[in-house]
A.B. asks: 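Got a structure here, written out as structure tokens. Questions coming.
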Amino acid sequence: MKRLVRKLACIVPMMLILSSSLVGQIKDITALRARIPTLRDSTERVALYARLGMLYTNRSLDSCYYFGARALDLAKRIKDRPGEAEAMNVLAFYYNEKDNPYLAYKYVNESLVAFKRLGNKPKVCELTMNVGVLLSYEGKMDQAMAQYQRAYALSQHLVQDSIKPLVMLNLALAQSFTPGAPDVLPLVDEAEQLAEKQGNERFVVIARLTRNGARFRNGVPADEVIADQHALIATTKELGYEYFTALAYMELANMYLPLHTDSALRYFDRAIGLAEKTGYEGLHFQTMAQAYETLARIQPMPAQANVYGRRLLERSREKSLENQKTGMDFLQLALNEQEVAAAQAKLRLRRMLGVLWGVIGLLAIIFSLLFFGMYRKKRRLARILKDSNDRLAAQNNRLEDNDAFHQQLISIMSHDLRQPLSAMLMLGEGGMVEQMSDEQRQYVFDQISQNARTSLQAMDGLVHWMKLNTIGLAYTPAVVSLKENMRDALRYNGALAAQKGIAVMDFIPESIDLLAQSEMLLFVNRNILGNALRYTPEGGKIVLTAKRDGDGNRVIVCIADSGKGIPEQLLPYVFAKERPETVSAGSGLALIVCHEMITKMNGRIWAINNPEGGACFYYSLPIAGPVSTYLAETNRSTGLS
């Protein structure tokens with residue numbers, strides 16, 4: 001018996017966490033019961049029964065079972081899966097407080113599995129926590145702690161955090177009883193603040209109860225905590241929380257034990273008597289077990305400890321017999337459920353055979369209709385052929401347009417090749433190379449080499465884009481540093497910026513990586529920068545910025561100049577193939593290519609005029625980064641194995 005008592009005595013504080021988060025006020029129960037005769041919708045009736053069952057958890061276990069069982073029976077008959085899961089959650093609480101672990105585990109696990117299938121994350125979090133409570137009742141504290149921590153991790157991602165204070169307090173209680181316990185008071189304070197914000201007086205009471213116990217176990221002198229504990233008991237009595245009052249009496253007895261043994265014995269008696277009065281068998285047994293375990297360590301042992309010991313031994317024997325009987329009943333229940341499942345499977349098989357014969361007959365009718373339809377299809381062939389010819393003619397026209405467009409692309413490519421080649425030819429004429437110093441020649445050759453590499457890289461992007469559009473080559477994104485890519489584009493246009501004395505202000509962070517194709521991105525940056533430099537007057541400025549969008553999954557890049565801006569009548573056609581003739585052929589075509597490249601890279605590009613002057617070209621692309629595996633971890637099974 002001592003081993004059983006030790007196992008139970010360490011887990012009494014866990015009991016207050018399993019109960020519902022609903023505030024069980026008499027007026028709420030009265031109002032809900034008055035609605036029962038008016039309800040016509042069965043689904044609403046299931047939800048009302050389940051809520052009444054949960055409201056009765058701290059008032060009347062008989063009523064809790066009555067409404068929980070009615071909710072479960074009706075939910076099964078109308079195949080209301082959410083209502084069935086909620087009803088099993090109510091019955092799990094009932095059987096736990098009736099000290100029936102078999103059925104408590106059965107219903108809590110079935111409820112957890114059902115809510116997982118329904119994708120109800122708040123309920124999955126709550127049931128994960130309740131599994132930990134059942135494990136703590138069995139003394140399996142390591143497994144219980146794992147469930148509490150899993151529930152806490154799940155609660156961090158809930159949109160509605162009404163269950164979060166309950167999970168935090170449960171975790172704090174469990175941690176406060178571990179060897180070398182951490183300081184749980186910050187976690188308790190956070191839970192209390194959240195409970196006060198929600199207006200949940202039950203959770204506030206639990207937080208105060210948890211804080212007083214944690215302070216006492218952390219070594220705070222008993223006389224400093226006792227006053228707070230008496231104030232808490234006054235609050236629980238005023239609110240009618242007899243369940244929590246019994247737990248507070250038990251903790252107060254422990255606080256008085258090193259100061260005044262008679263007072264400790266008096267509060268032990270009050271705790272046990274109140275637990276027995278409430279009708280919660282589990283609470284009564286555990287409070288008596290903890291009182292016996294505490295008093296048995298006193299020498300000489302108080303006479304009251306012998307009284308507790310005899311009552312505890314008698315109740316332990318009764319409980320052992322009840323558990324054996326319950327185990328057999330549970331086994332018979334499982335066998336009956338298997339027989340029902342087998343009968344239901346046979347019925348489904350018969351229905352499937354009936355459906356199969358119906359499908360065969362339906363297919364016969366369909367084939368008959370198909371033969372008749374073939375005759376009608378022949379009459380439509382002529383119209384289909386005519387439509388096909390019309391579509392081919394339209395496609396031919398588009399191909400001719402694309403051919404002209406590609407010819408213009410070739411002119412862009414030839415322009416990119418001409419620039420470094422022209423520079424080399426110019427150096428070779430007139431003996432310019434011989435007239436330069438070694439440092440000058442090296443500088444010129446480095447610039448030519450840099451321009452050639454940049455042009456070749458940009459042309460590779462253009463060629464790659466043409467392959468994507470002509471032969472259907474799959475687009476394969478890679479991680480591209482936005483800062484480095486923009487620097488390459490700046491180096492290509494550096495000579496023009498220096499010649500016009502334009503200040504390029506680069507505020508792009510070093511840390512931004514994009515999912516893109518490097519050469520195509522360089523083509524976009526180079527052309528937008530080139531246009532900005534071309535239309536910015538001497539001594540002007542160009543500002544480069546980049547920031548994440550609201551979701552944090554994309555980066556918006558802005559290239560803003562201080563020129564005259566884009567004419568308002570041309571602004572809607574900057575990236576369009578069909579545009580007024582006034583748009584220049586060179587820059588307009590390059591921007592069309594930029595638009596198609598950004599679109600191919602799963603992005604978007606647009607332009608606006610800055611109210612202060614100049615134009616702003618924007619584009620957005622996906623940001624590169626590691627994929628979070630946290631949700632995958634929290635979606636793993638949290639039931640018992």
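Keep in mind the model is a prediction, meaning the values are calculated, not measured. As a basis for the values below, the full set of heavy atoms in this structure was taken, side chains included, without hydrogen atoms, waters or symmetry mates.
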A.B. asks: Work out which heavy atom in Thr128 is nearest to a heavy atom in Ala151; give both atom names and the distance.
C.D. replies: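 Of all heavy-atom pairs spanning Thr128 and Ala151, the closest is CG2-N, 4.0 Å.
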A.B. asks: Measuring from atom CD1 of Ile556 to atom OG1 of Thr545, what distance do you get when rounded to the nearest 0.5 angstrom?
C.D. replies: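 Ile556 CD1 to Thr545 OG1: 9.5 Å, rounded to 0.5 Å.
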A.B. asks: Do Ile163 and Lys123 have side-chain heavy atoms sitting under 4.5 Å apart?
C.D. replies: no
A.B. asks: For Leu185, is there any backbone N or O sitting under 3.5 Å from a side-chain donor or acceptor partner on Asp183?
C.D. replies: yes
A.B. asks: Over all heavy atoms of both residues, which pair between Ala546 and Ile512 is shortest? Give the atoms and the distance, please.
C.D. replies: CB-CD1, 3.9 Å
A.B. asks: Hey, are the side chains of Thr599 and His595 touching, using non-hydrogen atoms and a 4.5 Å cut-off?
C.D. replies: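 Side chain of Thr599 against side chain of His595, heavy atoms only: contact under 4.5 Å found.
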A.B. asks: Evaluate side chain to side chain donor-acceptor pair (under 3.5 Å) for Arg534 paired with Asn531, printing each intermediate quantity in order.
C.D. replies: CA-CA 5 Å; Arg534 188 177 303 115; Asn531 286 340; 2.5 Å; yes
A.B. asks: Could you give me the CA-CA distance, side-chain angles and deciding distance for Gln147 and Gln149, then say whether side chain to side chain donor-acceptor pair (under 3.5 Å) is met?
C.D. replies: CA-CA 5 Å; Gln147 293 294 324; Gln149 291 173 341; over 6 Å; no
A.B. asks: Taking all non-hydrogen atoms of both residues, which atom of Asn609 and which atom of Glu568 are closest, and how far apart?
C.D. replies: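 Smallest heavy-atom distance, with atoms named: ND2-OE2, 3.1 Å.
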A.B. asks: For the backbone of Val133 and the side chain of Ser136, can you confirm whether one donor and one acceptor N or O come within less than 3.5 Å of each other?
C.D. replies: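 Yes, Ser136 side chain to Val133 backbone: donor-acceptor pair under 3.5 Å.
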A.B. asks: Could you check if a side-chain atom of Met486 sits within less than 4.5 angstrom of a side-chain atom of Glu484, using non-hydrogen atoms only?
C.D. replies: no
A.B. asks: Let's go through Arg211 and Asp189 carefully: what are the C-alpha distance in whole Å and the side-chain angles of both, what is the deciding distance for salt bridge (charged side-chain N to carboxylate O under 4.0 Å, His left out) to 0.1 Å, and is it a yes or a no?
C.D. replies: CA-CA 8 Å; Arg211 181 185 294 105; Asp189 292 340; 2.8 Å; yes
A.B. asks: Using a 4.5 Å cut-off on heavy atoms from C-beta on, say whether the side chain of Asn527 contacts that of Leu591.
C.D. replies: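 Side chain of Leu591 against side chain of Asn527, heavy atoms only: no contact under 4.5 Å found.
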A.B. asks: Glu190 and Lys164: which non-hydrogen atoms are nearest, and at how many Å?
C.D. replies: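 Here Glu190 and Lys164 meet closest at OE2-NZ, 4.5 Å.
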A.B. asks: So Asp513 and Leu482, do their side chains get closer than 4.5 Å, heavy atoms only?
C.D. replies: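 Side-chain contact under 4.5 Å: no.
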A.B. asks: Which atom names give the shortest non-hydrogen contact between Ala172 and Val184, and what distance separates them?
C.D. replies: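 Nearest pair, atom of Ala172 first, then Val184: O-CG1, 3.6 Å.
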A.B. asks: Would a distance-only check, ignoring hydrogens and angles, find a side-chain to backbone donor-acceptor pair under 3.5 Å from Lys483 to Ile508?
C.D. replies: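 Side chain of Lys483 to backbone of Ile508, a donor-acceptor pair under 3.5 Å: yes, one is there.
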A.B. asks: Hey, could you give me the CD/OG1 distance between Gln517 and Thr476, rounded to the nearest 0.5 Å?
C.D. replies: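 With rounding to 0.5 Å, CD (Gln517) is 9.0 Å from OG1 (Thr476).
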A.B. asks: Are any of the side-chain nitrogens in Arg51 or Glu86 under 4.0 Å away from the carboxylate oxygens of its partner?
C.D. replies: no
A.B. asks: Decide yes or no for Phe507 and Leu544: does some side-chain heavy atom of the first lie under 4.5 Å from some side-chain heavy atom of the second?
C.D. replies: no
A.B. asks: Under the 3.5 angstrom rule, does the side chain of Lys564 hit a backbone N or O of Tyr535 as a donor-acceptor pair?
C.D. replies: no
A.B. asks: Rounded at 0.5 Å granularity, tell me how far CE in Met129 sits from SG in Cys125.
C.D. replies: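 One gets 7.0 Å once the value is rounded to the nearest 0.5 Å.
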A.B. asks: Main chain of Leu166, side chain of Asn170: is a donor-acceptor contact present, judged purely on distance under 3.5 Å?
C.D. replies: no
A.B. asks: If you measure from NZ on Lys121 to CG on Leu158, what distance do you get to the nearest 0.5 Å?
C.D. replies: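 If we round to the nearest 0.5 Å, Lys121:NZ and Leu158:CG are 8.5 Å apart.
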A.B. asks: Can you confirm whether Pro165 sits close enough to Gln198 that some side-chain heavy atom of one is under 4.5 Å from a side-chain heavy atom of the other?
C.D. replies: yes
A.B. asks: Without swapping roles, check the side chain of Ser518 against the backbone of Val480 for a donor-acceptor pair under 3.5 Å.
C.D. replies: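 No, because the side chain of Ser518 does not come within donor-acceptor range (under 3.5 Å) of the backbone of Val480.
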A.B. asks: For residues 610-623, which side-chain N or O atoms pair as donor and acceptor with protein atoms under 3.5 Å away, sequence neighbours left out?
C.D. replies:
from, atom 1, to, atom 2, distance (Å)
Asn610, OD1, Glu612, N, 3.2
Tyr619, OH, Asn525, OD1, 2.6

A.B. asks: Of all heavy-atom pairs between Thr536 and Ile502, which one has the smallest distance, and what is that distance?
C.D. replies: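 That closest heavy-atom pairing would be O-CD1, 3.7 Å.
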A.B. asks: Contact between Arg548 and Arg554 at the side-chain level, heavy atoms closer than 4.5 Å - yes or no?
C.D. replies: no
A.B. asks: What's the spacing between Ile528 CD1 and Ile559 CD1 if we round to 0.5 Å?
C.D. replies: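 It comes to 4.5 Å.
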A.B. asks: Would Asp506 and Arg487 pass as an ion pair if we require N to O under 4.0 Å?
C.D. replies: no
A.B. asks: Nearest 0.5 Å please: distance from the CE atom of Met145 over to the CG atom of Leu135.
C.D. replies: 12.0 Å
